[in-house]
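Note that the numbering runs from 1 along the sequence shown for the chain. What you see below is based on every heavy atom in this structure, not just the backbone, and it leaves out hydrogens, waters and symmetry mates.
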Amino acid sequence: MTKSALITGITGQDGSYLAELLLSKGYKVFGLRRRTSVPILENIDHIKNEIEFLEGDLLDQGSLIQAVRASNPDEVYNLAAQSFVGTSWGQPVVTGEVTGVGVTNMLEAVRLIKPEARFYQASSSEMFGKVVETPQRETTPFYPRSPYGVAKVYGHWITVNYRESFDMFACSGILFNHESPRRGVEFVTRKVTDAAARIKLGLQKELRMGNLDAKRDWGFAGDYVKAMYLMLQQDQADDYVISTGEMHTVQELVEIAFGHVGLKWQDHVVIDPKFVRPAEVDLLLGDCTKAKEKLDWKLEVGFEQLVTMMVESDLRKNSKYKV
């Protein structure tokens, strides 16, 4: 019997890779998307005809109930959020509503219509924020340092609450930074790889950056969606840290990206105070031992390979604009 899955945030980076994975496994895939005057389908353009789209919004409970009823899902992956940390200071209320309360709306829709469905919540390493131990694992206390991180903590704990209160199969993946050529250009990795490509092609002169010393645990989104899938195939619902266990500075990211196109990054990078966060998260490093042991999850793409893959993609995308 064909399994069905409902994915919120299907047009985003993770949603697109997850949709590919589930389609390859023979799933019927439903995608929840908000109505926009111009559909944003770049990440899923190659598979859009294989997906059944349902209109809905995490802030509209009725639309979520209708989506769950229409899709009758075996699995629900809640990936939709206001997902950019920087924006969360300028839009703290909407971030709280979508990224936090929106999770409750989705869980409640599943509880009312299809309580036996398996539910995945996209939690975030930003919940650890001002870290109280390194590396961070499932038992590490949260200390979020942005409205986004705070909202994600709410979404995480409400998922635990529904699991324990209503005996739902609901779990969270605490995903550390994960990137790909499909990452939005406002995120630091894609901002860097896109700029390296554009400067190489003569389309841009400089790259303005904030804190080059910030350290992150960066992995490939295509690897991370496999962990999401594996979490929902277990006998018991649980929460897992998904990470590489390696830490790199933003400066290392810049060095690899510019080095790949034969440029000296020092000639093009300008430090701009406006890109420094009001409350900086200096260091994130995940311990993914539990996921590797219990899920048999494996990493396939390393940091340097990830950065060069993104630069190559941005060279191809930007070459059509070359003067």
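Counting heavy atoms from C-beta outward, Leu21 and Lys226 have side chains that approach closer than 4.5 Å. Side-chain atoms of Leu203 and Ile199, non-hydrogen and from C-beta on, never get closer than 4.5 Å to each other. For the pair Tyr120 and Asn78, the minimum side-chain heavy-atom distance is 4.5 Å or more. Between Met228 and Leu79, the closest side-chain pair of non-hydrogen atoms falls below 4.5 Å. Side-chain contact between Ile7 and Leu18: present, with at least one pair of heavy atoms (C-beta onward) separated by less than 4.5 Å. Taking the side chain as every heavy atom from C-beta outward, Phe53 and Lys48 approach each other to under 4.5 Å. By the 4.5 Å heavy-atom criterion applied to side chains, Val76 and Arg118 are not counted as neighbours. Side-chain contact between Asp296 and Lys292: absent, with no pair of heavy atoms (C-beta onward) separated by less than 4.5 Å.
Looking only at atom types and distance, the side chain of Asn43 has no donor-acceptor partner in the side chain of Arg182 under 3.5 Å away. Counted by atom type alone, Asp217 and Asn177 present zero donor-acceptor pairs between their side chains at under 3.5 Å. A donor and an acceptor atom, one from each side chain of Gln233 and Glu75, are located under 3.5 Å apart. Using modelled atom types, one finds a donor on one side chain and an acceptor on the other under 3.5 Å when comparing Asp14 with His178. For the 3.5 Å distance criterion, the side chains of His268 and Gln204 fail to qualify, holding no donor opposite an acceptor. Looking at His260 and Glu304, their side chains never bring a donor and an acceptor atom within 3.5 Å of each other. Side-chain polar atoms of Ser63 and Asp57 form no donor-acceptor pair below 3.5 angstrom.
In this structure, Tyr321 is a member of the same hydrophobic cluster as Leu315, with clusters built from ILVMFWY side-chain heavy atoms closer than 4.5 Å. Under the 4.5 Å side-chain heavy-atom criterion for grouping Ile, Leu, Val, Met, Phe, Trp and Tyr, Phe128 is not connected to Val150 through any hydrophobic cluster. Using a 4.5 Å cut-off between side-chain heavy atoms of Ile, Leu, Val, Met, Phe, Trp and Tyr, with links allowed through other members, Phe119 and Leu58 fall into the same hydrophobic cluster. If you chain together hydrophobic residues whose side chains sit under 4.5 Å apart, Leu175 and Tyr77 fall into the same group. Tracing side-chain contacts under 4.5 Å through hydrophobic residues (I, L, V, M, F, W, Y), one never reaches Val185 starting from Ile256; they form parts of separate clusters.
Within 6.0 Å of NZ in Lys205 there are 12 or fewer heavy atoms belonging to other residues, nucleotides or ligands. Residue Glu42 places its CD atom among 12 or fewer non-hydrogen atoms of other residues, nucleotides or ligands, all under 6.0 Å distant. Counting non-hydrogen atoms of neighbouring residues, nucleotides and ligands closer than 6.0 angstrom, the CG atom of Asp45 exceeds 12 such neighbours.
For the pair Lys290 and Tyr240, the distance from NZ or CZ to the six-membered ring centre is under 6.0 Å and the angle to the ring normal is within 45 degrees.
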Working for side chain to side chain contact (heavy atoms under 4.5 Å, CB included), residues Glu20 and Val225: CA-CA 10 Å; Glu20 284 178 352; Val225 299; over 6 Å; no
Could you check Lys152 against Glu126 for side chain to side chain contact (heavy atoms under 4.5 Å, CB included), going step by step and ending with a plain yes or no? CA-CA 8 Å; Lys152 279 291 186 184; Glu126 287 286 332; 5.9 Å; no
Side chain to side chain contact (heavy atoms under 4.5 Å, CB included) between Gln234 and Asp238: does it pass, once the steps are laid out? CA-CA 9 Å; Gln234 303 307 302; Asp238 205 350; over 6 Å; no
Does Ile174 form a side chain to side chain contact (heavy atoms under 4.5 Å, CB included) with Met127? I'd like the steps, not just the answer. CA-CA 9 Å; Ile174 306 172; Met127 301 189 305; 4.0 Å; yes
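At distances below 3.5 Å, at least one donor-acceptor pair connects side-chain atoms of Ser165 with backbone N or O atoms of Asn161. For Thr99 (side chain) and Ala151 (main-chain N/O), no donor-acceptor pair under 3.5 Å exists by modelled atom type. Panel note: side chain Lys200, backbone Ala195; no donor-acceptor pair is recorded below 3.5 Å. Thr249 places a side-chain N or O within 3.5 Å of a backbone atom of Glu252 that can act as its donor or acceptor partner.
Nearest heavy atom pair, residue Ala257 against residue Val192, reads CB-CG1, 3.7 Å. Shown here for His248 and Trp218, the closest heavy-atom pair between the two residues is O-CZ3, 3.4 Å. Of all the heavy atoms in Leu32 and Ala67, the pair that sits closest is CD1-CB, 3.7 Å. Residues Pro135 and Gly286 come closest through the heavy atom pair CB-C, 4.1 Å. Taking all atoms of both residues into account, the shortest heavy-atom contact from Ser4 to Asn72 is OG-O, 3.1 Å. What you find for Leu295 and Ala227 is that their closest heavy atoms are CD1-O, 4.2 Å.
Between atom OG of residue Ser123 and atom CD of residue Glu138 there is a gap of 11.5 Å, rounded to the nearest 0.5 Å. Atoms CD and CG, from Glu52 and Leu6 in turn, are 10.5 Å apart once rounded to the nearest 0.5 Å. Taking OG of Ser172 as the reference point, atom CD1 of Ile242 lies at 11.5 Å (rounded to 0.5 Å). Within the model, atoms CZ of Arg111 and OG1 of Thr104 stand 11.5 Å from one another, a figure rounded to the nearest 0.5 Å. Rounded to the nearest 0.5 Å, atoms CG (Asp239) and CZ (Arg137) are 15.5 Å apart. A distance of 11.0 Å separates CG in Asp223 from OG in Ser180, rounded to the nearest 0.5 Å.
The aromatic rings of Trp297 and Tyr224 lie perpendicular to each other, with more than 60° between the two planes, well past the 30° mark.
Here Asp314 pairs with Arg190 in a salt bridge; the nearest charged N to carboxylate O distance falls below 4.0 Å. Using a 4.0 Å cut-off between charged side-chain N and carboxylate O, Lys28 and Asp74 make no salt bridge. Salt-bridge check for Asp213 with Lys215: failed, with every basic side-chain N at 4.0 Å or more from each acidic carboxylate O. Using a 4.0 Å cut-off between charged nitrogen and carboxylate oxygen, Glu206 and Arg208 count as a salt-bridge pair.
Scanning for ring-ring contact (aromatic ring centres under 6.0 Å, His included) contacts around Tyr143 gives an empty result, with sequence neighbours left out.
Here the two rings, on Tyr17 and Phe220, have centers that are under 6.0 Å apart. Between Trp157 and Tyr162, the ring centre distance reaches or exceeds 6.0 Å.
A side chain to side chain contact (heavy atoms under 4.5 Å, CB included) with Glu179 is found for exactly one of Val188, Leu306, Val307, namely Leu306. With Thr193 as the fixed residue, the side chain to side chain contact (heavy atoms under 4.5 Å, CB included) test singles out one of Met310, Glu312, Arg183: Met310.
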